[in-house]
Chemist: 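Sending over a structure as structure tokens; questions will come in a sec.
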Number of protein chains: 2
Amino acid sequence: MTQVTIGGLSTATGVKIETIRYYERAGLISRPSRTSGNYRSYTPDDVARLRFIKRTRDLGFSLEEVRALLDIAAQEDRDCCEIDVLATKHLAEVDRKIADLTALRQQLSAMITSCRGGTVADCQILGAFQQD
Amino acid sequence: MTQVTIGGLSTATGVKIETIRYYERAGLISRPSRTSGNYRSYTPDDVARLRFIKRTRDLGFSLEEVRALLDIAAQEDRDCCEIDVLATKHLAEVDRKIADLTALRQQLSAMITSCRGGTVADCQILGAFQQD
DNA sequence: TATGCACCCTGTAGCAACTACAGACTCAAG
DNA sequence: CTTGAGTCTGTAGTTGCTACAGGGTGCATA
């Protein structure tokens, strides 16, 4: 049998044990069968599912979005465009974050290059924090 | 007198009332004096301090970092380079985040352009989620 | 057989940084 | 005098984990 316990699932997927149990509580993965000693026992399908979850999480999807993706993926004959919609929406969010961070980076670096040393009282950076 | 109540402070700074009270609990701002009716009453200095906090938060500093900045800013005769250090460190973090997001964006957009429609069963995007 | 030791169990509490109530009070205008 | 907006305290919820505490399990080794 290729069943694994939670530690095996953890090393197979790179998801921490505590996090796996959290996903179970959150309903992202179903409650696995148990061994005689009450250890969780996972199938290869469970491994695949958790890999999917890990990968989507790494791509920055929220657990809510992951749930939706899993939901759609479960219905094999459904139209694929719903996934495209989700992914595209997520891409737009990522683009917005990148833009925000880039603007912020710009401000921060301008602040830093304006620093000429001296005491706190006449620090250019602190001035930049306070202006409007 | 130019004292304001919490609502005034909120509109003057763009920080929500609940958040102001949270900052007070967290010790980022000191407990203000109270009116006869037990309303919080803020001075212009309080407004300036909260503006400072808001701006540094908007620049992505954590509350812990904000605390450190406020601490340094309070000692006017101290050397300014500590602030430079903090800001530079923060800039490095921002750069890392931008790099991460950009890599992620790359993957996401590759996935999306690979989609040729059809049913979920042969969806390229879902395949991308599962591979590796 | 005893005894380590690694692994697993449940349940709860904590983290950041807020946000959202509930239920009561205050204050100014009409 | 009432109405409505503003404020008060206190507590619980959010997201996505992470970290215990205090036990049980399973296997190898002395």
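Every chain is numbered from 1, with letters handed out A, B, ... down the list of sequences.
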Chemist: Please give, in whole Å, the distance from D:dG24 P to A:Asn38 CG?
Modeler: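 That distance rounds to 13 Å.
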Chemist: Give a yes/no on whether any side-chain N or O of B:Thr19 is located under 4.0 angstrom from OP1 or OP2 of C:dT19.
Modeler: yes
Chemist: Please state how far atom OH in B:Tyr42 lies from atom C1' in D:dT7, giving the value in whole angstrom units.
Modeler: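 Atom OH in B:Tyr42 sits about 11 Å away from atom C1' in D:dT7.
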Chemist: Atom CZ of B:Phe61 and atom P of C:dA17: how far apart are they, to the nearest Å?
Modeler: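 In whole Å, C:dA17 P lies 13 Å from B:Phe61 CZ.
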Chemist: Between D:dG16, C:dC9, D:dG26, spot the one nearest the side chain of A:Ile6, thanks.
Modeler: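 So the nucleotide nearest the side chain must be C:dC9.
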Chemist: Atom NZ of B:Lys16 and atom P of D:dT7: how far apart are they, to the nearest Å?
Modeler: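 Rounding to the nearest Å, NZ of B:Lys16 and P of D:dT7 are 15 Å apart.
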Chemist: How long is the line joining CD of B:Glu24 and C1' of C:dC18, in whole Å?
Modeler: 15 Å
Chemist: So, does B:Arg21 get its side chain near the phosphate of D:dC8, meaning an N or O under 4.0 Å from OP1 or OP2?
Modeler: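 B:Arg21 to D:dC8 OP1/OP2: side-chain N or O found under 4.0 Å.
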Chemist: Are A:Tyr23 and D:dC17 close enough that a side-chain N or O sits under 4.0 Å from OP1 or OP2?
Modeler: yes
Chemist: Measure the shortest side-chain to side-chain distance between A:Tyr22 and A:Leu63 over non-hydrogen atoms and say whether it is less than 4.5 angstrom.
Modeler: yes
Chemist: Taking NZ, NE, NH1 and NH2 as the nitrogens, is one of them in B:Glu65 or B:Lys89 under 4.0 Å from a carboxylate oxygen of the other?
Modeler: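 Judged by the 4.0 Å cut-off on N to carboxylate O distance, B:Glu65 and B:Lys89 do not form a salt bridge.
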Chemist: When you check the phosphate oxygens OP1 and OP2 of D:dT7, does a side-chain N or O of B:Arg40 lie under 4.0 Å from one of them?
Modeler: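 Negative; the distance criterion is not met.
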Chemist: Choosing from D:dG16, C:dA17, C:dC27, which nucleotide comes nearest the side chain of A:Arg57?
Modeler: D:dG16
Chemist: If only side-chain N and O atoms of B:Arg34 are considered, is one of them under 4.0 Å from the OP1 or OP2 phosphate oxygen of D:dT9?
Modeler: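 Looking at the OP1 and OP2 atoms of D:dT9, one of them is under 4.0 Å from a side-chain N or O of B:Arg34.
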Chemist: Within less than 4.0 Å of OP1 or OP2 of D:dC8, is there a side-chain N or O belonging to B:Thr5?
Modeler: no
Chemist: Find out whether A:Ser33 and A:Gln3 are in side-chain contact, i.e. whether some heavy atom of one side chain is under 4.5 Å from a heavy atom of the other.
Modeler: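 Yes; the side chains approach each other to less than 4.5 Å.
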Chemist: Find the distance B:Arg67:CZ to C:dA16:C1' and express it as a whole number of Å.
Modeler: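 B:Arg67 atom CZ is separated from C:dA16 atom C1' by 11 Å.
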Chemist: Would you call B:Arg67 and B:Glu64 a salt bridge, taking side-chain N to carboxylate O under 4.0 Å as the test?
Modeler: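 Here B:Arg67 pairs with B:Glu64 in a salt bridge, since their nearest N and O are under 4.0 Å apart.
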Chemist: Could you check whether B:Arg96 pairs with B:Glu93 (Lys NZ or Arg NE/NH1/NH2 to Asp/Glu carboxylate O, under 4.0 Å)?
Modeler: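 Between B:Glu93 and B:Arg96 there is no salt bridge, as every charged N stays at least 4.0 Å from the carboxylate O atoms.
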Chemist: Mapping B:Ile17 and A:Glu18 onto DNA chain D by nearest heavy atom, which one lands closer to the 5' end?
Modeler: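 Its nearest nucleotide being more 5', the pick is B:Ile17.
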Chemist: On DNA chain D, does the nearest nucleotide to A:Arg25 precede the nearest nucleotide to A:Ser36 from the 5' side, or the other way round? Give the residue.
Modeler: A:Arg25
Chemist: Between B:Tyr22 and A:Gly8, just flag the one whose closest nucleotide in DNA chain C comes earlier from the 5' side.
Modeler: A:Gly8
Chemist: Measure from CD on A:Gln3 to P on C:dC8 and round the result to the nearest Å.
Modeler: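 To the nearest whole Å, that distance equals 14 Å.
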Chemist: Whole angstrom is fine here: how far is it from CD1 in A:Ile20 over to C1' in D:dC17?
Modeler: 13 Å
Chemist: Tell me if the side-chain of A:Tyr39 makes a donor-acceptor pair with the base of C:dC7, cut-off 3.5 Å, by modelled atom types.
Modeler: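 Donor-acceptor pair under 3.5 Å: yes.
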